Amino acid sequence: MQIKPQLVRDLIALLGPKAVLSEPEDLMLYEYDGSVELGSPECVVFPSSAREVSEIVRLANRYEVPLLGRGAGTGLSGGAIARDGGIVVAFSRMNRILEIDAANLRAVVQPGVVNLDLSRAVDHLGLYFAPDPSSQKACTIGGNVSENSGGPHTLAYGVTTNHVTGLELVLPDGEIVRTGGKNLETSGYDLNGLFVGSEGTLALVTEITVRLTRKAEAVKTLLAVYDTIDDTTESVFEITVRAITPAACEMLDGFTLRAVEDYVHAGFPKDCAAVLLIEVEGLSEAVEAQAAAITEVCKLHRAREVRVARDDRERALLWKGRKEAFGALGRISPMYYVQDGVIPRTRLPETLRRIAEIAAKYDLQIGNIFHAGDGNLHPLILFDERDRAQFERVVAAGGEIMRHCVDVGGALTGEHGIGMEKNELMSLIFSPDDLALMARVRASFNPAGRLNPGKVLPLGKGCGEIRIPHIPASAATPA
Amino acid sequence: MSHPAHISFARLEEIVGAPHVLTSPEDLALRRVDGFLPSAVIQPADAAQIAEVLRFAGAEKLAVIPSGGCTKLGIGSPPARYDIALDLSRMNRVLAYDPQDLTLGVESGMRIEQLLRVLAEQKQFLPLVVPYLERATIGGIVASNSSSPLRHAYGGVRDFCLGMEFVTGEGSQAKSGGRVVKNVTGYDLHKLLIGSLGTLGVITRVNFRTFPLLPAQRTFVAAFSAAEPAFQFCGAISRSPLTPQMVEIADPGAAEVIFSGGGPPQAEPRKWSVLVSAAGLPEVVDRYARELGHMAAAANADELEPLGDSEGPVVLARIREFPRLILEAVPSAAIFRIGVLPTAMPGLLGELSSVATRGGVDLISLTRASGIVYAALLPKEGEAATVPLLSKAVQEVFRVCGKSEINASAMLEWCPPEVKLAAGGVWGPPRPDFGLMKRVKDSFDPNGVLCPGRFAGGI
Ligand SMILES: Cc1cc2nc3c(=O)[nH]c(=O)nc-3n(C[C@H](O)[C@H](O)[C@H](O)COP(=O)(O)OP(=O)(O)OC[C@H]3O[C@@H](n4cnc5c(N)ncnc54)[C@H](O)[C@@H]3O)c2cc1C
């Protein structure tokens, strides 16, 4: 136990007894996030202002204990796991939308605002917040900023960093600072660009100014149904090559969509090899033409059927199928391990063949449901955590898929972050000099390494391995 | 300026080869920065040579300023020191272009015009339609975060730059990001280099996503008798489902600059013009014509006119080259780049205009509707005391930008060195995030080898 009772008393004095948890049974909820990682904090605090956050940080420094931020805990790389114990700063009470400036397409929010709640709050103005992770009903904008999250529609609209113009931060020394603002650009270094996606290792985010996007006039959602995976991936390839930019282009393989269909009843044909869920948006004239061009490509690649959602209800149902797919798989497997590699889009056909080979080699079930349009894979490896030998095969298979992504010129993570899951793999992509510079930048903000320790950068112990997490038999199923 | 006698040219020649160490007066003069001349121009062949040069410079306490086409060396504060000009023009190749994947990796010394030609062969482009197009290099464009009118539709460099390789001030070769269109692996350090004016690292390679050329393009011009209806028109566009490629608001002076090379004859001169470009399928462009027409009429514009096939490109080129056209006509002009919210634009332009009137200078402005104002302060013809007048006006511009109802972020991009000094700098008032910027600078270039003194707060 690093935390002294006096620190807990100081925190209670600062925040009040209702805003501090330190009993083991209360802390259990905060031991995991959406990943397969686990770690126990010693104290969870619920600040309601940047000033309180700053005081918490100062206390952590005085008592020399680690601390880290937490949004909804849906992160998939262990970002919100208290790896070295310490204090979890949970942002659930800082969940107010502070300003909506429709004329300038901006909103100012606290970090605990749930992603979808912002879009709902501006819906009547014909606006929305473009980054739409599949977890958007639960995940927070603070979490999105930390992970630089994407989503199905970020293919056309860009990821979180493209939609943030200003931040208020509490630095690891307790200082409260602002970067950027509401303006499109500020002179000086692009500090927003550094902090967005820094996975909570450089500062705690206490306020965010985001861009809002105007809803398109027309939307068409297509479902292309295939009898082979190759035809599916080649359609994606061809859409890219023909430079058609759909708003979204998602793929679900047959295994996954059968699980989804049983759960959501979205109308996915259960006997096919894969489907593409493609959306086009824009002016009605452009949407018609794009939908026609996409249909042509899919047919050319032997799509068995290209179905266009007839109304909003059908459209919503198809998307429900996509967005709840992880949950659906959670129903059929005790645990799953989601990967997040990225490849050049044109390497999709060979990559899915490779994943199938790897699944066969390690005797594992791997589902594929992912952002095909930008080459962001999400192989989902199913396993039973009681079977330790199987789990070791899972980790080995995951590593092979990662290496393939790197070999074809891709990246380790497209949106879920490095966290504590892939930090030892960073050396596959980055040289010691690259990593030394990143470490130096981190140290310039977080010199004692007290903020979210053990994340993003390799600890130097492993060499290019995915971490084999410690999974106790009682671990809950993330959904 | 002064010639540090201790520079070991022999060592530099060893690193890059004797033919690539230039010391002729012309070569030095081309890399002049605010009146400062380097002692030598070094032309490295690759990142490894750059690293060696920077390590050497660090050991010898020399200051290095990277340069490409030398079109934007005037941007920033005057350097505190300047010994070596690092000329990247030998590093001018496309390193990886996968048109099928719409991704590209290019050396920083490549000229944008040449690159755009390579892309056009594949019916693709980069939305970097920037001033000094025929000379500007990728490195210079990225390091100065040059603004393009296409920003309206495609965003700025940060939105389509996928990754970078660079050499830090300490001479360490590093990279961040990657080559794929979506990537959150590691810190986005390359974003820091965008707009860093060479103060953090020497950019050697930039990876971009490319964009398909769109089938049809047309630019429409609406003329207005005053600023207010022009901004009303822009507001209507922003509330509509239209997503134009470009929306630029030219005040009467800017309209004269832009149209003097062609364009619709203006019935009456002194008009505000809004230029809107649409691209896409013919039926889409027709729809723009109809709806822009209605919106312009509702804002009391004179008729909305499309630019003809021959005049369109000429006008677009003049919008692109706006700062350069001003500087060529009036070399002593002071040109601000100001980030501001759309609703504050009319107020800002009003304030700027009174600053100009009060200060006895002329004002010309070109505004990107998405949130950037280019405002040029020009000495009146025949005015002798230009430096004090301009400097005073420059300070006033910074002051009005700071007003709470305007809340604009101004940087004085182009101006004579004497004005930079007399006005007390080009970066405006001290900023709350200076401490953060300093930490970044110290991480990349702890010994102050790269462009010392040029950045905000004397970084
Ligand atoms: C079913 C499911 C689907 C998903 N789909 C997607 C998807 O499509 N795209 C995608 O990108 N991600 C997806 N995710 C991943 C996850 O939802 C995102 O990473 C999300 O942004 C995390 O938000 P959160 O609020 O849950 O953050 P948490 O998990 O609580 O935290 C994530 C990280 O942010 C840090 N953090 C949180 N708040 C702050 C703050 N205020 N200041 C500083 N640091 C902070 C934490 O320390 C941690 O490092 C999915 C997850 C699940 C479970």
Side-chain angles (χ1 to χ4, degrees), chain A residues 103-104 147-148 150 154 158-159 161-162 177-179 181-191 193-194 197-198 214 216-217 240-241 243 282-283 285-286 289 342-346 371 374-376 409-415 417-418 426 429-430 433-434 436-438 440-441 444-445 456, chain B residues 98 100-103 123-124 155-156 158-159 168 172-176 178-189 191-192 194-196 212 235 241-243 280-281 283-284 287 339-343 370-372 407-409 411 427-428 431-433 435-437 439-440 442-444 456:
Chain A
N104 291 310
E147 300 291 353
N148 191 12
T154 51
V159 294
T161 192
N162 307 109
V177 286
R178 285 182 177 277
T179 60
K182 281 169 88 178
N183 289 330
L184 187 65
E185 54 173 53
T186 18
S187 58
Y189 299 140
D190 180 6
L191 295 165
L194 173 66
S198 61
R214 192 162 299 284
E217 161 189 273
T240 309
V241 170
L283 290 184
E285 293 87 346
V342 192
I343 51 159
R345 295 165 284 191
T346 45
H371 314 302
D374 36 30
N376 186 188
L412 298 176
T413 167
E415 55 180 24
I418 293 292
M426 286 283 274
I429 299 264
F430 294 114
D433 283 351
D434 302 338
L437 180 62
M438 289 187 193
R440 190 187 285 186
V441 169
S444 78
F445 293 100
V456 185
Chain B
D98 187 350
Q100 297 202 314
D101 202 42
L102 288 90
T103 54
K123 298 202 169 51
Q124 294 182 3
R158 79 189 297 278
D159 297 304
T168 67
S172 163
Q173 294 180 56
K175 66 172 174 300
S176 68
R179 287 182 281 153
V180 281
V181 297
K182 194 174 178 193
N183 189 357
V184 296
T185 313
Y187 299 136
D188 263 0
L189 299 183
K191 292 223 164 65
L192 293 168
I194 299 170
S196 66
L242 304 183
T243 51
L281 299 167
E283 55 269 38
V284 169
R287 164 115 183 250
V340 62
L341 288 173
T343 53
S370 53
I372 300 167
N407 194 18
S409 162
M411 194 246 160
W427 296 97
R431 351 167 4 125
D433 60 356
L436 303 189
M437 296 203 300
R439 295 187 205 200
V440 168
D442 290 343
S443 304
F444 278 76

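So that the names make sense, note that chain A is the first sequence line, chain B the second, and so on, each numbered from 1. None of these values were measured; they are calculated from a predicted model.
Among the candidates G435(B), S443(B), G195(B), G339(B), the residue making the largest number of heavy-atom pairs closer than 4.5 Å to chain A is S443(B). Of the listed residues (D442(B), D188(B), V181(B), I194(B)), the one with the most heavy-atom contacts under 4.5 Å to chain A is V181(B). Of the residues considered (S198(A), G417(A), A103(A)), S198(A) shows the highest number of contacts with chain B, using heavy-atom pairs under 4.5 Å. With respect to chain A, the highest number of heavy-atom pairs below 4.5 Å among G186(B), G178(B), G371(B) belongs to G186(B). With respect to chain A, the highest number of heavy-atom pairs below 4.5 Å among G155(B), S370(B), G235(B) belongs to S370(B). Looking only at heavy-atom pairs under 4.5 Å with chain A, the residue among T103(B), L242(B), L281(B), I372(B) that has the most is I372(B). Contact tally against chain B (heavy-atom pairs below 4.5 Å) for G150(A), G193(A), G410(A): the top residue is G193(A). Ranked by non-hydrogen atom pairs under 4.5 Å with chain B, the options A243(A), G414(A), S444(A) are led by G414(A).
One finds a salt bridge joining D101(B) and R345(A) here, because a Lys/Arg side-chain nitrogen approaches an Asp/Glu carboxylate oxygen to under 4.0 Å. A salt bridge is defined here as a Lys NZ or Arg NE, NH1 or NH2 lying under 4.0 Å from an Asp or Glu carboxylate O, and E217(A) with R287(B) meets this definition. At a threshold of 4.0 Å, the pair D433(B)-R178(A) does not count as salt-bridged, since none of the basic side-chain nitrogens sits closer than that to a carboxylate oxygen.
Of all heavy-atom pairs between F444(B) and V441(A), the closest is CE1-CG2, 3.9 Å. When all heavy atoms are compared, the tightest approach of L341(B) to N183(A) is N-OD1, 3.2 Å. Between R179(B) and G409(A) the shortest heavy-atom distance is NH2-CA, 3.7 Å.
Residues T185(B) and F430(A) are in side-chain contact: their nearest non-hydrogen atoms beyond the backbone lie under 4.5 Å apart. Side-chain atoms of R158(B) and D190(A), non-hydrogen and from C-beta on, do get closer than 4.5 Å to each other. Two residues are said to be in side-chain contact when any heavy atoms from C-beta on lie closer than 4.5 Å; Y187(B) and L437(A) fail this criterion. Considering only heavy atoms from C-beta on, Q100(B) stays 4.5 Å or farther from P344(A) through its side chain. Side chains of I343(A) and V180(B) form no contact here, defined as non-hydrogen atoms less than 4.5 Å apart. Annotation: side chain of V177(A) is not in contact with side chain of P432(B) (no heavy-atom distance under 4.5 Å). When side chains are defined from C-beta on, M437(B) counts as touching L191(A), because their heavy atoms get closer than 4.5 Å. Using a 4.5 Å heavy-atom threshold, the side chains of D434(A) and Q173(B) count as separate.
For chain B, the nearby parts of T161(A) are the backbone and the side chain; heavy atoms of each come within less than 4.5 Å. The part of T168(B) that comes within reach of chain A is its side chain, from C-beta onward, which places non-hydrogen atoms under 4.5 angstrom from that chain. Both the backbone and the side chain of A286(A) come within contact range of chain B, each with at least one heavy atom under 4.5 Å from a heavy atom of that chain. Both the backbone and the side chain of N148(A) come within less than 4.5 Å of a heavy atom in chain B.
Side-chain contact of T343(B) with N104(A): a donor-acceptor pair under 3.5 Å is present, judged by distance alone. Using modelled atom types, one finds a donor on one side chain and an acceptor on the other under 3.5 Å when comparing R431(B) with S187(A).
Under the side-chain contact (heavy atoms from CB on, under 4.5 Å) criterion, D433(A) pairs with S431(A), S172(B), not counting sequence neighbours. A436(A) pairs by the side-chain contact (heavy atoms from CB on, under 4.5 Å) definition with nothing, not counting sequence neighbours.
Here the CG atom belonging to L184(A) is positioned 10.5 Å from the OG atom belonging to S409(B), to the nearest 0.5 angstrom. For the atom pair CG of L194(A) and CZ of R439(B), the computed distance is 11.5 Å after rounding to the nearest 0.5 Å.
At distances below 3.5 Å, not a single donor-acceptor pair connects side-chain atoms of K182(B) with backbone N or O atoms of H371(A).
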